[in-house]
Student: 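First the structure, which I've put down as structure tokens, then a few questions once you've had a look.
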Amino acid sequence: MNTQEQLTQTFNDNFVAYYRSHVAHVNIMGRNFYSDHKLLKKVYEDLQEQIDVLAELLRTLDEYMPCEIQDVLNNSQISTAILDGDSEYLLEEIKNDLENLKTEYIKLMEVSEIEGHEDIGNYAQGRITQLNKFIWMFSATIS
């Protein structure tokens with residue numbers, strides 16, 4: 001996969017992870033509602049911001065942002081299945097989504113650096129750091 005293809009894959013996965021984290025944020029219930037709700041808000045807002053950043057990085061490579069929502073959903077490595085369950089299940093699912101997204105950013109960092117797109121590699125490295133922080137927060141919350 002080249003940088004453009006991996007960037008598109010990362011866009012697709014980020015978009016689905018954003019949506020799923022937003023769904024979990026709105027639908028979460030339970031004794032720890034307030035703290036879980038706030039954590040999920042931090043995540044979905046962060047992922048939502050990346051939609052524009054990833055799309056603009058695609059444009060710097062003379063590539064278009066995916067134009068068909070169905071393509072984004074069909075090509076995402078992150079599940080698009082119904083996200084419904086108790087708070088433990090929702091938090092675990094979003095944590096898994098973040099781990100999958102981190103894997104795509106690692107691939108993006110590697111391929112972009114090989115192809116001489118250091119700016120994209122640096123961006124991906126920053127995202128890996130942020131995703132590691134979120135994964136840690138979810139792990140600490142779930143345990």
Student: In chain order, what residues pass the side chain to side chain contact (heavy atoms under 4.5 Å, CB included) check against Q4, with sequence neighbours excluded?
Tutor: N2, L61, E63

Student: L40, Y89: one ILVMFWY side-chain cluster at the under-4.5 Å cut-off?
Tutor: yes

Student: Give every residue pair that meets the ring-ring contact (aromatic ring centres under 6.0 Å, His included) criterion with at least one member in residues 40-88, sequence neighbours excluded.
Tutor: H22-Y44, H25-Y44

Student: Drop me the distance from F15's CZ to R20's CZ, to the nearest 0.5 angstrom.
Tutor: 14.0 Å

Student: Any chance you could measure D97, atom CG, to S79, atom OG, to the nearest 0.5 Å?
Tutor: 7.5 Å

Student: Determine the sole option in I28, N32, N27 for which the side chain to side chain contact (heavy atoms under 4.5 Å, CB included) test with S87 is passed.
Tutor: I28

Student: Going by the rule side-chain hydrogen bond (donor to acceptor under 3.5 Å, both in side chains), which residues pair with S76 if we only count those two or more places apart in sequence or in a different chain?
Tutor: D13

Student: Please name all residues satisfying side-chain hydrogen bond (donor to acceptor under 3.5 Å, both in side chains) with N132, sequence neighbours left out, ordered by chain then number.
Tutor: K102

Student: Please walk me through it: do K107 and M1 pass side-chain contact (heavy atoms from CB on, under 4.5 Å)?
Tutor: CA-CA 9 Å; K107 292 176 189 175; M1 207 176 269; over 6 Å; no

Student: Roughly how far apart are T103 OG1 and L108 CG, rounded to 0.5 Å?
Tutor: 12.5 Å

Student: Supply the atom-to-atom distance L83 CG to Y19 OH, rounded to the nearest 0.5 angstrom.
Tutor: 9.5 Å

Student: Considering residues at least two apart in sequence or located in another chain, which fulfil the side chain to side chain contact (heavy atoms under 4.5 Å, CB included) criterion with Y123?
Tutor: Q50, V53, L54, L57, Y105, R127

Student: Are V43 and Y18 connected into the same hydrophobic cluster when the rule is that any two of I, L, V, M, F, W, Y join if their side-chain heavy atoms are below 4.5 Å apart?
Tutor: yes

Student: Under the salt bridge (charged side-chain N to carboxylate O under 4.0 Å, His left out) test, which residues partner E92, sequence neighbours left out?
Tutor: K95

Student: Could you state whether I82 and M29 fall into the same hydrophobic cluster, counting links through intermediate Ile, Leu, Val, Met, Phe, Trp or Tyr residues with side-chain heavy atoms under 4.5 angstrom apart?
Tutor: no

Student: Could you work out, with ring pair (Phe, Tyr, Trp, His ring centres under 6.0 Å) as the rule, every residue matching F33, not counting sequence neighbours?
Tutor: H37

Student: Nearest 0.5 Å, please: how far is CG in N12 from CG in L7?
Tutor: 10.0 Å

Student: Please name all residues satisfying side chain to side chain contact (heavy atoms under 4.5 Å, CB included) with E56, sequence neighbours left out, ordered by chain then number.
Tutor: D52

Student: Can L58 be reached from V72 by stepping across I, L, V, M, F, W or Y side chains whose heavy atoms are under 4.5 Å apart?
Tutor: yes

Student: Could you go through residues 113-122 and list every donor-acceptor pair under 3.5 Å that involves a side-chain atom there, pairing it with any protein atom two or more places apart or in another chain?
Tutor:
| from | atom 1 | to | atom 2 | distance (Å) |
| --- | --- | --- | --- | --- |
| E115 | OE1 | T3 | N | 3.0 |
| E115 | OE1 | T3 | OG1 | 2.6 |
| N122 | ND2 | E118 | O | 3.3 |

Student: Can you list every pair that meets salt bridge (charged side-chain N to carboxylate O under 4.0 Å, His left out) and has a residue in residues 29-44, with sequence neighbours left out?
Tutor: K41-E45

Student: Rounded to the nearest 0.5 Å, how far apart are OG1 of T80 and CG of N74?
Tutor: 7.5 Å

Student: Using atom types as modelled, flag every donor-acceptor pair under 3.5 Å from a side chain in residues 133-143 to any protein atom, sequence neighbours excluded.
Tutor:
| from | atom 1 | to | atom 2 | distance (Å) |
| --- | --- | --- | --- | --- |
| S139 | OG | I135 | O | 3.0 |
| T141 | OG1 | M137 | O | 2.7 |
| S143 | OG | S139 | O | 3.3 |
| S143 | OG | A140 | O | 3.3 |

Student: Walk me through it: do E104 and Q77 pass the test side chain to side chain donor-acceptor pair (under 3.5 Å)?
Tutor: CA-CA 9 Å; E104 294 307 319; Q77 301 292 330; 5.3 Å; no

Student: side-chain contact (heavy atoms from CB on, under 4.5 Å) for L98 and L47? Distances and angles first, verdict last.
Tutor: CA-CA 10 Å; L98 295 174; L47 296 177; 4.2 Å; yes

Student: What pairs with D71 under side chain to side chain contact (heavy atoms under 4.5 Å, CB included), at least two apart in sequence or on another chain?
Tutor: E68, N75

